[in-house]
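Order of the sequence lines sets the chain letters (A, B, ...), proteins ahead of strands, with each chain counted from 1.
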Amino acid sequence: MGSYDFTEIESRWQQVWADQGMYRVPNPGDQNFDESKPKKYFLDMFPYPSGAGLHVGHPLGYIGTDIFARFHRMRGANVLHPMGFDSFGLPAEQYAVETGVHPRITTEKNIETYTRQLKAFGFSYDWDRMVATTDPEYYRWTQWIFLQLFGAWFDEEQGKARPMDQLVEELESGLRSADGVMWQNLPELDRREYLDSQRLAYIDEVPVNWCPALGTVLANEEVTVDGRSDRGNYPVFKRPLRQWMLRITAYADRLIDELDLVEWPESVKTMQRNWIGRSEGATIIFDVEGHTQMRVFTTRPDTVFGATYMVVAPEHPMVDEITKEMWPDGTKPLWTLGIDTPRDAVAAYRLAASRKSDIERQAEDRQKTGVFTGGYAINPLTGDPVPIFIADYVLVGYGTGAIMAVPGQDERDWEFAEAFDLPIVRTVQPPPEFDGDAYTGPGPAINSGFLDGLDIDAAKKRIIQWLETNGAGMGTVTYKLRDWLFSRQRYWGEPIPILHGPNGELIPVPEDELPLLLPEVDDYSPHASDDEHAEPTPTLSNASDDWKFVEIDGVSYERELNTMPQWAGSCWYYLRYIDSSDDERLVDPDMERYWMGDSGVDLYVGGVEHAVLHLLYARFWHKVLNDLGHVGTKEPFGRLFNQGYILADAYQDERGIYVPAADVVEDDGIFTYEGEAVIPVYGKMGKSLKNSVNPDEIFDEYGVDTLRLYEMFMGPLDTSRPWSTKDIVGVHRFLQRLWRNFIDEDTGEVLVSDGPSDGDLQVLLHRTIEAVGHDMENLHFNTAVARLFELNNALVGIERVPSDVADVLPRLLSPLAPHVAEELWSRMGKEGSVVTADWPLCDKSLIAEDTATMVVQVNGKVRDRIEVPIGITEEDAVALALGSERVRAHTGGAQPRKVISRLPNILSLVV
RNA sequence: GCCCGGGUGGCGAAAUCGGCAGACGCGGCGGACUUAAAAUCCGCUAUCCGAAAGGAUGUACAGGUUCAAAUCCUGUCCCGGGCACCA
């Protein structure tokens, strides 16, 4: 009755809130919708529901958004605060491979566990809006969006996606040609191929990241720096393959420029800009001896006079054409690999290069290798012949896959030139003190004909002008960003709703046949292998012929057997929450306009690991949907916030294997696990370090409110912080002290007085209201908690809590620790729920004081503190200060030479 | 190598604009209550010198600007993250 029984209080209120639908939020048009309130959309990055369940590190950001949502509700906003599950993915499928249990079963079970755990945190989600990406009613619309991408093209002039119909119209009317060919003159087959090549979702043969161990290909973003898979850390190899691609590159500029519209951490914006990697330069056309031409991309067209050789990527399609039968005169032995003919030398080098994985290329310490092709190009500016090499330091996928090498101004080219004894010409004058090799800094052009004397920028402009007038090139922009490889050979993903006809026709599955359900298969195994040359085979090829083949008008069509990558479902889930049960359309336009407003989601909180992948893909899809008129904003997430991580001690045994941290025993600084010594390390809490702390244990011992407060009190939301179970007692003591301040533990009597506070306590109360409100707005929950501690501490020793304090404190606490706040509110007999109570207002007149502490500095050092009236004049202040013994001890009684004041707080005397 | 963050007591941290460094909590020390312990309550707790009053030093390091710097500027070191032969 009287003691703080958090377990009982928390479970009871969670039940009451659920029964009353406390956190249900109506849409425009719904019954209880109040359009006079401002809208707020607060979103968490939804989790993948893993079998291990939640640990205390997962909900850090969720606690933050929940507090923010509760705060804004009390301040009178309509708050959309939903949760769901990104439930397609590898672990459920791997489990299915091992056990034969259908991934749907595993997934449903895990979702159930996650839902139970999330509900136990007392989060104020509107669970009626929950989505799971694996739900056919959800992925129906993921497939629908894919068909929108398939049914659209990117109009370069308008800079936006448009429906294919409009392209066909413009082609038929002659407004536009198909790569220079009139539509009327194009055979039927070529027309189809042309149209298919223009779509935002298209099939192309491209070098892909093939991961045999996972049995699937991966997007560039899913491959780590050392050429391994992001998930599972398996080796990844490059190989050409026909795959579905999404034309994200068409949006490269908008994805950069429209970052200006959003309030995101600068670091995330920078990462996206770097990933897109826009660089401006020029394409320069080199005549290759004899007949053909070669295009190179350079960001330094101003250095073209110093281009003394050319390098082509080993995989470049023109290599065969350039390569000569015989080594020409003047071939240096160094250039030939010691092989008799250029053809054999080039073949040997290409073979060696193709065998190298990205890791090996890396490991070689960037030693420059390459071989001469026997061919020469003509430098269009100097007219000199320059030898053409192939070398793997030039990448086929970037720019034109060929470069003009300017060793004087490029470190890589310098290294290669030294290794192969090639001429070096400086075309920018380095400063006199420069003693390095390649010079990449600013300076006037030299050895560059009509460019001489110009600085780099001017020289670039001038040479591009020259190239364009002489038909030798043009200004060009290139990007590091590649189109998004969208096929996966896995089972547990959205089927791609396309049929393949006998002549290569691509037929979209009609919208009214969506969702295209995943077929049942006997074997979920991907065709995984240790062999990098194994042929990728989609798991859906294990489906029955009934599913795989569709007959339309007597013609047999084969279904697309690849599935979508895991990122697909998370590209648009924030839209589905708005109207999660709509079976007519993706989202109702009126509801979408209301909740997304002018700038999209008002606060999106999640880990920084999604800085590139998820956030770039989602922005891309959103822009396409915007172009096609399905959503109203240019950007999906107006404000992004990256929460930190919970870190924890972890332990490795002798072999470097992590052991369960919970079972490690410490004795006088020595750590042991099952009697063996282990080494303490430190890192992000999670399965891989085996250092997870289960929230259930904390709930049992301290309760939900304590855990919520603890995670917030540890530090600012955006910094990582070490978990320390022993520190939890601090916030737990706070709640118990709060309880004892309000409730007599023996009798259960509510210890609230009839009269309000006065004096210092009243001032403190209103200061707390102001400070907590301010902290809440700025997501400074750690300091908000500290302010509440102070107010609570001031109540200790007071017989009864003054009525105004009793009225305010539970409301201030309610977003942070909703259960105990609701219990106190209810025990005091207050009207309604504290959840829907108004946020307290601060009476500013009460916190304006009539005296202040004036700090007196002498020569910049604090020497005394004096209470002064708020409106004190400088003259009085100086007189007061000079009257102080402590001040006089440092002024030696002399008059100050100079007085600086910020009255009534600071008086600075210089003597 | 390049690009972002960050570095404050024994520990987690705080410090709107350049204006009292260390709020709040953990831990520690001392005290009250208790037969005792736990819980609770009270006090102290940056470092050094000092019995104290007080003084000196102190926000990674070295400089600078300023009456005044954790905060601004220059350089260096360390930690974390991203990118990495991108022409």
Answer yes or no: is there an ion pair linking [X] with [Y], defined by an N-O contact shorter than 4.0 Å?
X        : Y        : answer
A:Lys269 : A:Glu263 : no
A:Glu770 : A:Arg767 : no
A:Glu749 : A:Arg800 : yes
A:Arg278 : A:Asp253 : yes

Grab the [atom1]-[atom2] distance between [X] and [N] for me, whole Å please.
X        : N      : atom1 : atom2 : result
A:Tyr4   : B:rU40 : OH    : C1'   : 17 Å
A:Arg865 : B:rG54 : CZ    : C1'   : 14 Å
A:Tyr393 : B:rA87 : OH    : P     : 13 Å
A:Glu885 : B:rG54 : CD    : C1'   : 13 Å
A:Trp723 : B:rC11 : CH2   : C1'   : 16 Å
A:Glu790 : B:rG22 : CD    : C1'   : 13 Å
A:His774 : B:rA23 : NE2   : P     : 21 Å

Indicate, with a heavy-atom threshold strictly under 4.0 Å, whether [X] touches base, sugar-phosphate, or nothing.
X        : value
A:Gly860 : sugar-phosphate
A:Lys480 : base
A:Arg482 : nothing
A:Arg902 : base
A:Phe789 : sugar-phosphate
A:Gln857 : base
A:Ser724 : nothing
A:Pro716 : sugar-phosphate
A:Asp727 : sugar-phosphate

Regarding [X] and [Y], do their side chains bring together a donor and an acceptor under 3.5 Å, going by distance alone?
X        : Y        : result
A:Asn741 : A:Asn792 : yes
A:Gln409 : A:Thr427 : yes
A:Glu867 : A:Thr853 : yes

Determine the interatomic distance between [atom1] on [N] and the same-named atom on [M]; round to the nearest Å.
N      : M      : atom1 : answer
B:rU74 : B:rC3  : P     : 14 Å
B:rU66 : B:rA13 : P     : 35 Å
B:rA39 : B:rU45 : P     : 23 Å
B:rA36 : B:rA70 : P     : 49 Å
B:rG80 : B:rC29 : C1'   : 36 Å
B:rA14 : B:rC33 : P     : 39 Å
B:rU71 : B:rG7  : C1'   : 14 Å
B:rA53 : B:rA62 : C1'   : 36 Å

Do [X] and [Y] make the cut of ring centroids closer than 6.0 angstrom?
X        : Y        : result
A:Phe420 : A:Phe389 : yes
A:Tyr479 : A:Tyr398 : no
A:His732 : A:Tyr710 : no

Side chains of [X] and [Y]: closer than 4.5 Å at any heavy-atom pair?
X        : Y        : result
A:Arg295 : A:Ile284 : no
A:Ile390 : A:Tyr349 : yes
A:Arg300 : A:Val428 : yes
A:Arg721 : A:Ile646 : yes

Please work out whether B:rG6 sits syn or anti, treating a glycosidic angle within 90° of 0 as syn.
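Classified anti.
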
Under the rule syn = chi within 90° of 0, otherwise anti, which is B:rC24?
anti

Shortest side-chain distance from [X], nucleotide among [options]:
X        : options                : answer
A:Val855 : B:rC67, B:rC20, B:rG55 : B:rC20
A:Phe713 : B:rG19, B:rA87, B:rC24 : B:rC24
A:Ile900 : B:rG19, B:rC85, B:rA13 : B:rG19
A:Thr853 : B:rC20, B:rG55, B:rC83 : B:rC20
A:Val729 : B:rG27, B:rA87, B:rG25 : B:rG27

What is the ring orientation for A:Tyr617 with A:Trp484, classed by angle as parallel under 30°, tilted 30 to 60°, or perpendicular over 60°?
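Taking A:Trp484 first and then A:Tyr617, their aromatic rings lie parallel (interplane angle under 30°).
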
Please list, for nucleotides 41-51 of chain B, all pairs of protein and nucleotide N/O atoms separated by less than 3.5 Å.
from, atom 1, to, atom 2, distance (Å)
B:rC41, OP1, A:Arg737, NE, 3.0

On RNA chain B, check which nucleotide each of A:Ser908 and A:Trp275 is closest to and give me the residue with the more 5' one.
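Looking at RNA chain B, the more 5' nearest nucleotide goes with A:Ser908.
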
Residue met sooner reading RNA chain B from 5', once A:Asn905 and A:Ser279 are mapped to nucleotides:
A:Asn905

When you check the phosphate oxygens OP1 and OP2 of [N], does a side-chain N or O of [X] lie under 4.0 Å from one of them?
X        : N      : value
A:His732 : B:rG25 : no
A:Arg886 : B:rG54 : yes
A:Lys861 : B:rU57 : yes

A correct dot-bracket answer for RNA chain B, with pairs being Watson-Crick or G-U at under 3.5 Å, [ ] for crossing pairs and | for inter-strand pairs, is (((((((..(((......[....)))((((((.......))))))((((....))))..(((((..]....))))))))))))....

Are A:Lys684 and A:Tyr645 in a cation-pi contact, defined as NZ or CZ under 6.0 Å from the six-membered ring centre and within 45° of the axis?
yes

Can you name the side chain to side chain contact (heavy atoms under 4.5 Å, CB included) partners of A:His610, sequence neighbours left out?
A:Met45, A:Trp567, A:His614

Taking salt bridge (charged side-chain N to carboxylate O under 4.0 Å, His left out) as the cut-off, I'd like each qualifying pair that reaches into residues 731-744 of chain A, sequence neighbours left out, listed once.
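Qualifying pairs: none.
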
Quick one, which residues of residues 780-788 of chain A touch RNA chain B with a heavy atom under 4.0 Å?
A:Asn782, A:Thr783, A:Ala786, A:Arg787

In 5'-to-3' order, the base (B), backbone-only (S) or no-contact (-) status of each nucleotide in nucleotides 1-10 of chain B, using a 4.0 angstrom heavy-atom cut-off, is --SS------

